[in-house]
Enquirer: 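Shown below is the structure under consideration.
Numbering starts at 1 and runs along the sequence shown. All heavy atoms count here, side chains included; hydrogens, waters and symmetry mates do not. Please read all numbers here as calculations on a predicted model, not as lab measurements.
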Amino acid sequence: TLSLSLFFSSIFFTVILLLCKDSLASATDLTQHSEYLIWMAAIIAIDNLNTLPFAKLRQENRPRRYAFARVAGIVMNILVVILFMGVIPKILEKNPDSFLKHIYNKDIGLGYYLLGNLCGSVFTLLILFKEIKQIRFRFSTKLWKEVMKYSLPLIIVGLGGMINDVLSRLIYRHVVDLPQTQADYELGIFANIFRLALLITIMIQAF
């Protein structure tokens, strides 16, 4: 019941984000890279689908698999970022005709941080496939109403917590006295340091 509810609400929310892509791009100063918003929407949708399998693992007292899936996603994220922001550009500087030129686009720039995040989310989803395939297409309206009644106050509290978590990254570029390009670069570093710090939180959640 909860998985089906989350699946359809994720689709609904993703469609809204895509329909409002141009307005959101203008509001977030991303008109030159509106594809970033598509990747962000995909990350949100996939992370939503990962939520209940993680909850199931915690309910079943399986901290090792929980921690493995969480950490594996972050490691994949970091590896993709290091590969496309560090390793491949240096290889292409020395060998411009390398086959890597077909998979690397310097115009994407900081977008590789988002692509790293997306790869991490997809990789986590694949790891959790065993839990996801156990879902049966049965829906209980009574149970859904009970869960919604319980969850609505938590949504308000959770929204405040999420704003607190991500606000620093939203305002970072606007409070540092740096050129736009340098501010974007340091924001990418800051965001990935933040993700590394999540490893501590994940270990606490797992146990």
Side-chain angles (χ1 to χ4, degrees), residues 1-11 13-14 39-88 103 111-140 143-144 146-148 150-169 187-207:
T1 296
L2 301 182
S3 296
L4 290 174
S5 176
L6 195 60
F7 177 75
F8 287 108
S9 63
S10 296
I11 292 177
F13 184 64
T14 302
W39 300 340
M40 290 177 193
I43 291 167
I44 293 172
I46 295 171
D47 284 347
N48 278 345
L49 297 179
N50 289 335
T51 301
L52 285 178
F54 276 124
K56 187 174 186 293
L57 291 175
R58 293 177 69 180
Q59 183 188 37
E60 295 175 349
N61 294 319
R62 299 168 66 190
R64 290 183 181 179
R65 182 163 174 78
Y66 178 97
F68 171 74
R70 286 283 193 188
V71 174
I74 290 179
V75 170
M76 174 61 72
N77 181 347
I78 294 171
L79 287 177
V80 170
V81 172
I82 291 174
L83 185 64
F84 283 94
M85 296 297 290
V87 177
I88 292 179
I103 62 173
Y112 281 115
Y113 288 109
L114 285 175
L115 286 177
N117 201 330
L118 181 58
C119 289
S121 297
V122 172
F123 190 58
T124 302
L125 185 69
L126 293 175
I127 293 174
L128 295 173
F129 181 73
K130 182 179 178 181
E131 283 71 30
I132 294 172
K133 72 177 183 180
Q134 294 175 7
I135 296 171
R136 298 294 176 264
F137 288 90
R138 293 192 296 268
F139 190 86
S140 170
L143 176 61
W144 185 83
E146 291 177 358
V147 172
M148 291 301 107
Y150 170 81
S151 300
L152 284 175
L154 298 180
I155 292 174
I156 299 172
V157 176
L159 182 61
M162 287 302 300
I163 291 174
N164 187 51
D165 281 345
V166 304
L167 186 61
S168 57
R169 282 170 281 179
L187 174 62
I189 296 174
F190 174 81
N192 278 276
I193 291 174
F194 184 90
R195 182 160 287 276
L196 282 171
L198 286 178
L199 286 170
I200 299 171
T201 305
I202 288 168
M203 294 305 175
I204 294 171
Q205 286 180 340
F207 293 95

Enquirer: Roughly how far, to the nearest 0.5 Å, is the CG atom of L128 from the CD1 atom of I46?
Expert: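 The distance works out to 12.0 Å.
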Enquirer: Atom CG in L2, atom CE in M148: separation rounded to 0.5 Å?
Expert: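 So the CG of L2 and the CE of M148 are separated by 7.0 Å.
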Enquirer: I need the minimum non-hydrogen distance between I127 and A69, along with the two atoms involved.
Expert: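 What the structure gives for the nearest pair is CG2-CB, 3.9 Å.
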Enquirer: Considering residues at least two apart in sequence or located in another chain, which fulfil the ring pair (Phe, Tyr, Trp, His ring centres under 6.0 Å) criterion with F190?
Expert: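 For F190 the ring pair (Phe, Tyr, Trp, His ring centres under 6.0 Å) partners, ignoring immediate neighbours, are Y172.
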Enquirer: Any side-chain heavy atom of V80 sitting closer than 4.5 Å to one from Y112?
Expert: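 V80 vs Y112: side chains apart.
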Enquirer: Residues in side chain to side chain donor-acceptor pair (under 3.5 Å) with Q134, at least two apart?
Expert: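 Side chain to side chain donor-acceptor pair (under 3.5 Å) check on Q134 returns K56.
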Enquirer: Restricting to side-chain contact (heavy atoms from CB on, under 4.5 Å), what partner residues turn up for L83, sequence neighbours left out?
Expert: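 Scan of L83 (side-chain contact (heavy atoms from CB on, under 4.5 Å), adjacent residues dropped) gives V87, I88.
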Enquirer: The criterion is side chain to side chain donor-acceptor pair (under 3.5 Å); which residues satisfy it with W144, sequence neighbours excluded?
Expert: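 Only S5 meet the side chain to side chain donor-acceptor pair (under 3.5 Å) criterion with W144.
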Enquirer: Just wondering, do I11 and T14 contact through their side chains at under 4.5 Å, heavy atoms?
Expert: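 T14 vs I11: side chains apart.
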Enquirer: Rounded to the nearest 0.5 Å, how far apart are OG1 of T1 and CG of L143?
Expert: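 T1 OG1 to L143 CG: 5.0 Å, rounded to 0.5 Å.
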Enquirer: Give the C-alpha distance, both sets of side-chain angles, the deciding distance and a yes or no for side-chain contact (heavy atoms from CB on, under 4.5 Å) between L152 and I155.
Expert: CA-CA 5 Å; L152 284 175; I155 292 174; 4.0 Å; yes
Enquirer: Any Lys/Arg nitrogen of R65 or E131 sitting under 4.0 Å from an Asp/Glu carboxylate oxygen of the other?
Expert: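 So R65 pairs with E131 through a salt bridge.
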Enquirer: Which pairs, with at least one residue in residues 71-83 and sequence neighbours excluded, count as a salt bridge (Lys or Arg N to Asp or Glu O under 4.0 Å)?
Expert: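 As it turns out, there is no salt bridge (Lys or Arg N to Asp or Glu O under 4.0 Å) pair with a partner in residues 71-83 once direct neighbours are skipped.
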Enquirer: Within the 4.5 Å heavy-atom criterion, are F7 and L49 side-chain neighbours or not?
Expert: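 Yes, close enough: below the 4.5 Å cut-off.
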Enquirer: Can you name the nearest heavy-atom pair linking S10 to A45, along with the distance?
Expert: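 Nearest heavy atoms, S10 then A45: OG-O, 4.4 Å.
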Enquirer: Tell me every residue that passes side chain to side chain donor-acceptor pair (under 3.5 Å) with E146, counting only those two or more places apart in sequence or in another chain.
Expert: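 E146 satisfies side chain to side chain donor-acceptor pair (under 3.5 Å) with no other residue.
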Enquirer: Cut-off 3.5 Å, no hydrogens considered: what does the side-chain donor-acceptor table look like for residues 113-125, sequence neighbours left out?
Expert:
residue, atom, partner, partner atom, Å
S121, OG, D47, OD1, 2.8
S121, OG, N117, O, 3.1
T124, OG1, G120, O, 2.8

Enquirer: Between CE of M76 and CD1 of I78, what distance do you get to the nearest 0.5 Å?
Expert: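 Answer rounded to 0.5 Å: 11.5 Å.
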